[in-house]
Amino acid sequence: MHRLRSALLLGSVFLAFAVPFSAAAETAYNVDISHLQSYEQQYLKASEGNKAYYQNLIDRETQNIRSQLQDQINTLVQPSSGNQVLEPGQAVQNERSIVADLESRLNESTVDLNILKNEEQVYTGQKSGSGVYMTTTSYPELLAKKVVLEQQIDLLTSALSAQQDRLQQLVSTQQSQSMQALYIVLWYLAIIFAVLWGEYLIRSYVLVRIPQRGLRYALSKIFTLLVYISLLFWVIQRIYTSYPGLGTVFAVIGAALVFMFQDVIKSLLGWFTYKGSIRLGQRVTLGGYTGDVLDIDMLFTTILVARAQNMDDPSQAGKVVRVPNLFLLTGALLNWSSTSDFESVEIPIRIEDGRQWEVAQRILEEILREETLQYVEEARRQMQRRMRGFYHSQVSPSQRVYMDLQNDGKLLFLLCFPAPIGQRRVVMTRILQHIIRRFDTEKIRLGEEKG
């Protein structure tokens, strides 16, 4: 009864001072030490002639305890040696948990052993018991627990060394598999690029040669759709076959990335969707700016500004602006060069005397034919070539002269012709100069517009 009260008192003191020994003892002494403690007690009392007998009993019980401890440690490391096949990342994470657990148990056992050695000095008279918290009630009990701790430390040290080696091998294997996965991804990307490039070549250089416009349009759309759908299903099938666990990861990560980088994703989708609709050097209207395309990347389109809508500062002309590609999805794209590199121009010409209309019309037609014939032929060739992929084709531009009778009785001629994009004012100035010289020679007076 006295020993029981002493044990309870000591336990309360240890809990109050948070001695780590009590937490470690739960795992350190998960074996029955009663026989070993009894043998140690009998060994201490035995005569010199009988000590060998009890030492043999102590050794056999020590081996028995070591076997029990070995089974317990094997249970701790069982996840690393089980038959379940884990992914490399999960295997490394599990192995790190096992190593951390073994290190913690080894540290706790070492601390407990040091505490017992300190108590042993009290039992052997090397130190006074004053101020020393005793965790054992007798010297045989201390010797028995000391044997258990020594065996446990030895086994934990061996197991920790083996598990650390295994962890290092798993990390090396994971790194190797990561590099292999990178090579596989690059290989898939190369295949995807080759398929997309092949689709572009077939659509741009083979299907466009089909003479029937309706058949050509239908086959182009069907072919592109089949290629993209087949490629998408092939990529999904390969990913789920090789990495079945990536579906959940992609779903979670993808939802977060879509929310965080929605503008970036829109820019990427805009570039991917309209990358074939604009080319370097073409004049476009995008994001409220009109200018020539200098560069196209996945996020931005760089434009040399020619003019901007509602531009109050004319000094912006000639400057470079980077327009996010998300405007390709959220706004309108006007490609001035989509059908040809020419734009339609109109010049109104009024004459004072309506009786001179025949001479004036003949002069205007001759000047237009002389100044714009080369533009008409080139615009017609470009339009025929660039609109082969569309179902409907625009009427080829040509130089034309129209007449209109104004309310004041004056005749108005409207000159319509194509001019190179960006050179509209230059061509208009040259034509007007030619018209004024010819009208002066023929004594044709230009009419004044009355406000």
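Just the heavy atoms: all of them, side chains too, but no hydrogens, waters or symmetry mates, feed the values below.
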For this session: Answer yes or no: is there a donor N or O on one side and an acceptor on the other, between the side chain of Ser104 and the main chain of Ala100, under 3.5 Å?
Result: no
Problem set entry | Sidechain-backbone polar pair: Arg203 side chain, Ser220 backbone, donor-acceptor under 3.5 Å | no
Exercise. Has the side chain of Asp101 got a donor or acceptor atom that lies under 3.5 Å from a matching backbone atom of Ser97?
Worked result: no
Problem set entry | side chain to side chain contact (heavy atoms under 4.5 Å, CB included) between Glu371 and Val427, worked out | CA-CA 8 Å; Glu371 295 289 343; Val427 176; 5.9 Å; no
For this session: For the residue pair Asp295 and Thr301, confirm or rule out a side-chain donor-acceptor distance under 3.5 Å.
Result: no
Exercise. Got a second to check how far Asn118's CG is from Met134's CE, nearest 0.5 Å?
Worked result: 8.5 Å
For this session: Before giving the answer on side chain to side chain contact (heavy atoms under 4.5 Å, CB included), spell out for Asn107 and Ser109 the whole-Å C-alpha distance, their side-chain angles and the decisive distance to 0.1 Å.
Result: CA-CA 5 Å; Asn107 292 334; Ser109 299; over 6 Å; no
Exercise. Is there a donor-acceptor pair under 3.5 Å between the side chain of Glu119 and the backbone N or O of Thr135?
Worked result: yes
Problem set entry | Arg438/Glu366 salt bridge by N-O under 4.0 Å criterion | yes
For this session: Report the C-alpha distance between Glu370 and His434 in whole Å, list the side-chain angles of each, state the deciding distance to 0.1 Å, and finish with yes or no for side chain to side chain contact (heavy atoms under 4.5 Å, CB included).
Result: CA-CA 10 Å; Glu370 179 181 348; His434 199 168; 3.4 Å; yes
For this session: Find out whether Pro418 and Val376 are in side-chain contact, i.e. whether some heavy atom of one side chain is under 4.5 Å from a heavy atom of the other.
Result: yes
Exercise. Can you tell me if Asn74 uses its side chain to pair, donor with acceptor, with the backbone of Gln70 under 3.5 Å?
Worked result: yes
For this session: List the steps, then state whether side chain to side chain contact (heavy atoms under 4.5 Å, CB included) holds for Ile444 with Ile363.
Result: CA-CA 11 Å; Ile444 300 176; Ile363 292 174; 4.1 Å; yes
Problem set entry | Rounded distance [0.5 Å steps], OG in Ser230 versus CG in Leu225 | 8.5 Å
For this session: Mark yes or no for whether Thr110, through its side chain, and Leu106, through its backbone, hold a donor-acceptor pair below 3.5 Å.
Result: yes
Exercise. Within the distance-only criterion (no hydrogens, no angle test), does the side chain of Thr429 pair as donor or acceptor with the backbone N or O of Arg425 below 3.5 angstrom?
Worked result: yes
Problem set entry | Arg445 atom CZ: more than 12 heavy-atom contacts under 6.0 Å | no
Exercise. Is there a side-chain hydrogen bond (donor to acceptor under 3.5 Å, both in side chains) between Gln151 and Thr62 once you walk through the steps?
Worked result: CA-CA 8 Å; Gln151 295 299 320; Thr62 301; 5.8 Å; no
Problem set entry | Residues Asn94, Gln90; criterion side-chain hydrogen bond (donor to acceptor under 3.5 Å, both in side chains); working and verdict | CA-CA 6 Å; Asn94 290 352; Gln90 185 64 37; 2.9 Å; yes
Problem set entry | Donor-acceptor side-chain pairing of Glu378 and Gln374 below 3.5 angstrom | no
Seminar exercise, completed: Taken to the nearest 0.5 Å, the spacing of Asp292 CG from Ile303 CD1 works out to 9.0 Å
Exercise. What is the distance from atom CD1 of Ile349 to atom CD1 of Ile347, rounded to the nearest 0.5 Å?
Worked result: 6.5 Å
Exercise. Charged N to carboxylate O below 4.0 Å: is that the case for Glu377 and Arg380?
Worked result: yes
Problem set entry | Minimal non-hydrogen separation, Gln164 against Glu103, with atom names | NE2-OE2, 3.4 Å
Exercise. Where do Glu343 and Gly422 come nearest, in terms of heavy atoms and distance?
Worked result: OE2-N, 3.6 Å
For this session: Quick one: list whatever passes side chain to side chain contact (heavy atoms under 4.5 Å, CB included) with Gln175, sequence neighbours left out.
Result: Val171
Exercise. Between CG of Leu368 and CD1 of Ile435, what distance do you get to the nearest 0.5 Å?
Worked result: 6.5 Å
For this session: Determine yes or no for a side-chain-to-main-chain donor-acceptor pair under 3.5 angstrom, with Arg209 supplying the side chain and Tyr205 the backbone.
Result: yes
For this session: Kindly compute the distance separating OG (Ser67) from CG (Leu155), expressed to the nearest 0.5 Å.
Result: 9.5 Å
For this session: Identify whether the distance between the nearest side-chain nitrogen and carboxylate oxygen of Arg283 and Asp341 falls below 4.0 Å.
Result: no
Exercise. Does any N or O in the side chain of Glu442 come within less than 3.5 Å of the main-chain N or O of Phe439, such that one atom is a donor and the other an acceptor?
Worked result: no
Exercise. Is the centre of the Trp336 ring less than 6.0 Å from the centre of the Phe342 ring?
Worked result: no
For this session: List for me each residue that meets ring pair (Phe, Tyr, Trp, His ring centres under 6.0 Å) alongside Tyr200, sequence neighbours excluded, and say none if there are none.
Result: Trp197
